[in-house]
Amino acid sequence: MSIIKDSDESAERNYWLMKSEPNCFSLSDLKNRPEGTEPWDGVRNYQARNLLRDDIKCGDGVLFYHSNISQPAIVGLAHVVREGYPDHTALDPGSDHFDPRATEAKPIWYMVDVQYLASLSAPITRRDLSQHPGLATMGVMKKGNRLSVQPVTQGQWQAVLLLAGMDDPFTV
DNA sequence: GCCAACGTTGGC
DNA sequence: GCCAACGTTGGC
């Protein structure tokens, strides 16, 4: 929530960073989905669940981050096209993300749908981030941080786009 | 492959 | 409610 008074709707937009292991689900996997859209399922962490269920809204911007590889990096942009709804993979005994405690009435786990927007012409690596004063403080850079969905400030979002040499997809 | 950091579980 | 044990994440 911005404290700066602004009648522009863009002031309502929030920004997030979402991690994915590209061996599991990469940015190009997202791009190749129908409509470039995919449910962000399988999150099994309560802090991230709360964000998915309560805070992440349609139209929010997403930095797509590849983790657990030799060069972890922000690789692209996405946006939220459907707000928090029950993650049905928790109910599926055949799913890797099955949770026997989850029921239709009490789903426990939630997800959002994200849609591909753009790939960065060059990934922004952790080294790049660490050398940028405005980005070195990002949550993803903190040692031991393993939140797979985490908030990003508008300033960080803009700094990433500036570094990437891209126009903000949300500005006209 | 190593290992530090973290979240969760479960005994008490 | 405490806390040790454990499993997982994820950078390096």
Side-chain angles (χ1 to χ4, degrees), chain A residues 14-33 38-56 60-80 83-114 116-153 155-164:
Chain A
N14 288 311
Y15 301 91
W16 310 94
L17 179 143
M18 295 190 182
K19 295 180 192 172
S20 189
E21 301 187 18
N23 298 332
C24 178
F25 189 79
S26 70
L27 180 66
S28 59
D29 289 331
L30 178 64
K31 184 179 183 180
N32 291 328
R33 288 291 192 245
E38 179 77 357
W40 205 260
D41 63 15
V43 173
R44 296 294 179 266
N45 167 286
Y46 286 102
Q47 202 178 339
R49 186 280 308 271
N50 292 347
L51 295 176
L52 291 168
R53 187 189 57 191
D54 305 330
D55 299 319
I56 302 181
D60 284 359
V62 173
L63 298 175
F64 199 109
Y65 178 89
H66 280 172
S67 67
N68 235 330
I69 49 174
S70 59
Q71 292 267 28
I74 297 169
V75 293
L77 310 178
H79 64 154
V80 176
E83 292 176 11
Y85 63 106
D87 180 348
H88 52 73
T89 65
L91 300 174
D92 175 7
S95 168
D96 287 344
H97 306 300
F98 177 61
D99 183 343
R101 300 168 303 160
T103 64
E104 295 269 359
K106 296 202 168 185
I108 306 181
W109 305 113
Y110 285 76
M111 59 190 180
V112 301
D113 288 357
V114 299
Y116 173 88
L117 280 181
S119 303
L120 304 194
S121 50
I124 298 181
T125 65
R126 294 181 64 80
R127 180 180 169 77
D128 298 330
L129 294 173
S130 71
Q131 291 178 347
H132 189 292
L135 296 174
T137 54
M138 290 181 76
V140 75
M141 295 301 289
K142 292 203 181 74
K143 186 172 184 177
N145 184 312
R146 40 201 265 192
L147 243 200
S148 62
V149 176
Q150 52 184 267
V152 163
T153 67
Q156 289 165 344
W157 172 270
Q158 289 167 347
V160 164
L161 292 177
L162 194 63
L163 257 187

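Protein chains get the first letters and strands the later ones, always in sequence-line order, with residue 1 at the start of each. On a predicted model such as this, the values are computed, not experimentally measured, just so you know.
Comparing C/dG10, B/dT9, B/dT8 by their nearest atom to the side chain of A/Ser67 picks out C/dG10. Listed nucleotides: B/dG7, B/dT9, C/dG11. Nearest to the side chain of A/Gln47: B/dG7.
Distances shown here put every side-chain N or O of A/Arg127 at or beyond 4.0 Å from the OP1 or OP2 atom of C/dG11. For the OP1/OP2 pair of C/dG11 and a distance below 4.0 Å, the side-chain nitrogens and oxygens of A/Tyr65 include at least one atom meeting the criterion.
Taking atom CG on A/Asn45 and atom C1' on B/dG7, their separation rounds to 7 Å, with Å as the unit. Atoms NZ (A/Lys143) and C1' (B/dC2) sit 12 Å apart, rounded to a whole Å. Counting to the nearest Å, the P atom of C/dG10 and the CE atom of A/Met18 are 14 Å from each other. If you take CG of A/Asn68 and C1' of B/dC3, they are 13 Å apart, rounded to a whole angstrom. The CG atom of A/Asn145 sits 18 Å away from the P atom of B/dA4 (whole-angstrom rounding). Summarising the geometry, the separation between CZ on A/Arg146 and P on B/dC3 is reported as 18 Å, rounded to the nearest angstrom. Here B/dC6 presents its C1' atom at 14 Å from CD of A/Gln150, a figure rounded to the nearest Å. For the pair A/Lys19 NZ and C/dG10 P, the computed distance is 4 Å after rounding to whole Å.
No option in A/Tyr116, A/Trp40, A/Trp16 other than A/Trp40 meets the ring pair (Phe, Tyr, Trp, His ring centres under 6.0 Å) test with A/Phe64.
A salt bridge does not link A/Arg49 to A/Asp87: none of the charged side-chain nitrogens sits closer than 4.0 Å to a carboxylate oxygen.
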For this session: Tell me, with the steps shown, if A/Asp128 and A/Thr125 meet side-chain hydrogen bond (donor to acceptor under 3.5 Å, both in side chains).
Result: CA-CA 5 Å; A/Asp128 298 330; A/Thr125 65; 3.1 Å; yes
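Here the closest non-hydrogen pair linking A/Pro39 and A/Tyr85 is CB-OH, 3.7 Å.
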